[in-house]
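To start, the structure under review is shown below, and the notes come after it.
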Amino acid sequence: MQTLDTLDTKGKRVLVRVDYNVPIKDGVIQDDTRIQASLPTIKRLLADGASVVLMSHLGRPKGGPNPKYSLYPVAMRLSELLGQSVRFFGSLPSSGETLQAVQALRPGEVALIENVRFEPGEENNNAELNAKLARLGDAFVLDAFGSAHRAHSSVSGVAGLLPHAGGLLLEAEVTALGKLLRDPAKPYVVIIGGAKVSDKLKVIENLLPVVDRMLIGGGMAYTFVKAQGGQIGKSIHEDDFLDKARELLAKYAGKIVLPTDTLVGDAFSNEANTRVVPTNAVPGDWEGMDIGPDSQRAFVAALQGAKTVFWNGPMGVFEFGKFAGGTNAVAKGVADLGSGAYTVIGGGDSVSAINKSGQAGRVSFVSTGGGASLELLEGKTLPGVEAMA
Ligand code: AMP
């Protein structure tokens, strides 16, 4: 991958694809982690005497301008974080107005253009759009790790038309996650949670041969428990994956650790009545909402002595405070390993969980990419990273 060390940016107008797909509610940004993560590259380019044109997508506006998905609030927040005014150009990214506005930028200035998904060609890597976007810069930097698994115009399309390099965030992510695949220090423990086996099966299959232990929690655990013949009541599960779960349990018998007890609720709600029951004996009308206290202790114990840890996916329905205990215990368990282990948190919900639990500063690396980090760990080459060769 080309890096900023090899790209000539002095006095140039540099088009930077960032990932500003942040949660916004009523115009207020709920979590600015991704904006913060873009600062090192922007500052580095400014220090090199460049002007910076930032572009990103936000949400899924379905190919047309929609004020609900405007990046304007991001420009305001970025100005505060950067400590300098960020210009916002609200015309379509491919328009003559945007081109004129960016051409007037002086070295040291920063601008953010409007949501690139307002362009119908963005998601199909349209050649005409690629050419129009390429006019916005003399060079292109990809720093949107969270979008690097998409072969879109603003990610890989434009890269073919301009001198290019991966930004500091992209470089840091690829290096940090790469260590989880190539020669990780042992013992190596992976914790996987979240709703569905199907979403993470490829990661599970790619990592199982390399890890020493894989702790499986969250909704996906019930498919494995059902596959073993357990009674899981109304817990979330995928019958189509029972055979696969059985195959993995047989092949990696000593490695897969499942929760032995579960906190069940009589409704999918924070007001539900709760009980702790064995994971394989959930009463008919109840559903597993979180790992139970014995499993919390067992999962934390299984982490002890680990030299490499990767965690993706909550242990329960952590959005409801009543069912966040397992996720918080795992967050604390990972963070408590301190500098003795290389600890990586990957993916959207585990990142919110570790942020909520206040432990984010105590782990080695928190990935900004959900889908992108999972695809990398599936062993795939990401189109964005490939385009930076
Ligand atoms: P993912 O995006 O695959 O990491 O899944 C995250 C989602 O899984 C969160 O919204 C959780 O509420 C959900 N989840 C975790 N555990 C359970 C469970 N036991 N039952 C239903 N949903 C769950």
Side-chain angles (χ1 to χ4, degrees), residues 2 4 6-20 35 38-58 61 63-65 67 69-122 125-144 147 152-168 170 384 387-388:
Q2 305 279 340
L4 291 184
T6 51
L7 185 71
D8 179 16
T9 58
K10 219 175 189 52
K12 299 271 192 317
R13 193 171 70 237
V14 184
L15 177 64
V16 187
R17 175 53 156 104
V18 284
D19 178 8
Y20 288 162
I35 308 177
S38 73
L39 297 176
T41 292
I42 299 172
K43 286 182 179 166
R44 158 85 180 258
L45 292 170
L46 293 176
D48 287 348
S51 58
V52 177
V53 179
L54 300 163
M55 77 177 157
S56 174
H57 78 283
L58 173 65
Y69 296 104
S70 172
L71 280 165
Y72 177 74
V74 175
M76 298 301 103
R77 183 78 189 111
L78 179 61
S79 300
E80 288 166 18
L81 291 171
L82 203 55
Q84 88 173 59
S85 155
V86 172
R87 317 266 306 269
F88 179 71
F89 302 142
S91 317
L92 266 185
S94 66
S95 68
E97 287 94 322
T98 299
L99 178 61
Q100 261 185 356
V102 303
Q103 279 171 339
L105 287 175
R106 289 187 303 271
E109 287 191 319
V110 181
L112 174 63
I113 64 171
E114 188 51 289
N115 190 345
V116 76
R117 281 205 191 155
F118 289 174
E119 298 284 357
E122 159 69 356
N125 201 359
N126 177 278
E128 212 173 301
L129 178 61
N130 294 346
K132 285 186 173 165
L133 294 178
R135 296 183 308 181
L136 301 177
D138 309 312
F140 174 68
V141 169
L142 178 65
D143 213 23
S147 309
H152 292 174
S153 263
S154 67
V155 177
S156 54
V158 75
L161 305 174
L162 290 171
H164 54 256
L168 299 175
L170 190 76
M388 292 302 110

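Note that this is a predicted model, so its numbers are computed, not measured.
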A side-chain contact here means heavy atoms from C-beta on lying under 4.5 Å apart; do [X] and [Y] qualify?
X: R13; Y: V102; value: yes
X: L54; Y: L78; value: yes
X: L15; Y: V141; value: no
X: S51; Y: V14; value: no

Please enumerate all residues that pass salt bridge (Lys or Arg N to Asp or Glu O under 4.0 Å) together with [X], with sequence neighbours excluded.
X: K12; answer: D8
X: E97; answer: none
X: R77; answer: D32, E80

Distance check, rounded to the nearest 0.5 Å: [X] atom [atom1] versus [Y] atom [atom2]?
X: L168; Y: D143; atom1: CG; atom2: CG; answer: 6.5 Å
X: Q84; Y: I42; atom1: CD; atom2: CD1; answer: 9.0 Å
X: M388; Y: L7; atom1: CE; atom2: CG; answer: 9.5 Å
X: F140; Y: M55; atom1: CZ; atom2: CE; answer: 5.0 Å

If you compare all heavy atoms of [X] against all heavy atoms of [Y], which two are closest, and at what distance to 0.1 Å?
X: P65; Y: L92; value: CG-CD2, 4.3 Å
X: L99; Y: L136; value: CA-CD2, 3.9 Å
X: L129; Y: S94; value: CD1-CB, 3.8 Å

Is it the case that [X] and [Y] place a side-chain donor and acceptor less than 3.5 Å from each other?
X: S154; Y: E122; answer: yes
X: H57; Y: R17; answer: yes
X: S153; Y: N126; answer: no

Among residues two or more places apart or on two chains, list those pairs meeting ring pair (Phe, Tyr, Trp, His ring centres under 6.0 Å) that have a residue in residues 86-121.
-> Y72-F88

Counterpart residues, side-chain hydrogen bond (donor to acceptor under 3.5 Å, both in side chains), relative to [X] (two or more places apart):
X: S38; result: Y20
X: D19; result: R34
X: S95; result: T98

Looking at residues at least two apart in the chain, or sitting in another chain, which of them share a ring pair (Phe, Tyr, Trp, His ring centres under 6.0 Å) with Y69?
->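 Result, ring pair (Phe, Tyr, Trp, His ring centres under 6.0 Å) vs Y69: none returned.
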
Could you give all pairs that pass the salt bridge (Lys or Arg N to Asp or Glu O under 4.0 Å) test and reach residues 154-163, with sequence neighbours left out?
-> none

Determine which pairs satisfy salt bridge (Lys or Arg N to Asp or Glu O under 4.0 Å) with at least one residue from residues 42-56, sequence neighbours left out, and list them in order.
-> D5-R44, R44-D48

Ignoring hydrogens and angles, tell me if any N or O in the side chain of S79 forms a donor-acceptor pair with the backbone of V86 under 3.5 Å.
->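 Present.
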
side-chain contact (heavy atoms from CB on, under 4.5 Å) against A387, all qualifying residues, sequence neighbours excluded = S156, A159

Verify side chain to side chain contact (heavy atoms under 4.5 Å, CB included) between V116 and L133, making sure each step is shown before the conclusion.
-> CA-CA 10 Å; V116 76; L133 294 178; 4.2 Å; yes

For residues 103-114, which side-chain N or O atoms pair as donor and acceptor with protein atoms under 3.5 Å away, sequence neighbours left out?
from	atom 1	to	atom 2	distance (Å)
E109	OE1	R106	N	2.8
E114	OE1	L71	N	2.9
E114	OE2	S70	OG	2.9

With N125, the side-chain contact (heavy atoms from CB on, under 4.5 Å) member among N130, V158, V155 | N130

